[in-house]
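Predicted model only: the values in this text are computed from it and were never measured.
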Amino acid sequence: MSKPSKGLRGARTLFDDFQSAHVSVTEIVHYAGQFLPYHRLFVWAHEQALERECGYKGGQPYWDETVDAGSFTTSVIFDPVFGFGGNGVGATRCIADGPFANYTNSLGPSYAINDHCIQRSITDYVSWAAHTQYRNRCLAMTNWLDFWQCVEASPHTAGHGGVGAQMSNPISSPGDPLFFLHHAWLDQIWAQWQAVDPVTRRGPAGMGGKNKGNLTLEFPGQPFPSDIPPPPGFPTSPPAGGGPPSANLTRPYDVPEPVIIGDPGNVTTLNHVLQMVGLTADRTVGEVMNTRGFLCYRYDV
């Protein structure tokens, strides 16, 4: 994480560049049809940078959060030696152990350019949204609009809200390396859904929805759909305290409003362009609908 930035706003390192790029397009890649296609390409670009710039050969891992649903606090992913370090401590919620304990983010919360530690506030309550029943609920959806909105709500909520603090910020959350494992898992769910009917779900009928979101909505979403309540004995409301860094959703003057590139109108199509801000080449939504194309990867399980 010491490779120098390529010059993106507020970034000092190549890792920061990914956070900065996400900041610049947040408004058009959340609560919008681009949500899953954009993050598929974004995570792939991160994997390419790990391989090209850092010599990493292991492939992009994903965190199957169904394994830890309702018990993030005891997950091995937070192991200080073999994992990504543990929970935040004290009033600052800075992580105190693991490989990223001494890393200084130069961006966030939200649009701010501001030095700070990587912060976490792990919450088992919200992590329950990763449970198999919620994932399967999404996989059972038969059309894109229902599926996308299901994923952006419950499974998406689990990783962001369950890890908490920095990960709960809709704009600057890529400042925690767990962001990429979380979104790789969401991509795996999408790929699994697409594989049921690849002709339809990788084609025009497999895309849609508005092309610009509303960040004033609750983020990441409602974790527990009313038709699938938490299990007996599980808390019925989040615990008090330990919330995310303040999320100022007002875009500052030095962050241009993102421009939607592609077909006219307010519906996301296969021709809309996923803007990578120099991390990798921009691609259309249609180009990332199949992971076996130029992306050239598949999920083993």
Contact summary for Gln34 and Val29, nearest pair of heavy atoms: OE1-CG1, 3.7 Å

Qualifying residue for side-chain hydrogen bond (donor to acceptor under 3.5 Å, both in side chains) with Asp263, from Thr268, Thr269, Asn211: Thr269

His183-His160 side chain donor-acceptor pair, cut-off 3.5 Å: yes

Salt-bridge criterion met for Arg9 and Asp17 (N-O under 4.0 Å): no

Gln275 side chain to Val259 backbone, donor-acceptor under 3.5 Å: yes

Side-chain heavy atoms of Arg201 within contact of Trp144, under 4.5 Å: no

Side-chain donor-acceptor pair present, Ser71, Asp124, cut-off under 3.5 Å: no

Donor on one side chain, acceptor on other, Asn105 and Gln166, under 3.5 Å: yes

Phe147 and Trp193 aromatic ring geometry - parallel, tilted or perpendicular at 30°/60° bounds: parallel

Shared-cluster residues of Tyr56, by chain and number - hydrophobic side chains joined below 4.5 Å: Leu50

Between Thr13 and Asp16, a side-chain donor and acceptor under 3.5 Å: yes

Donor-acceptor pair between Tyr297 and Asp187 side chains, under 3.5 angstrom: yes

Backbone of Gly85 reached by a side-chain donor or acceptor of Arg120 within 3.5 Å: yes

Ionic contact status for Glu47 with Arg52, cut-off 4.0 Å: no

Asp97 side chain vs Gly86 backbone, donor-acceptor pair below 3.5 Å: yes

Trp44-Phe294 aromatic ring centre distance below 6.0 Å: yes

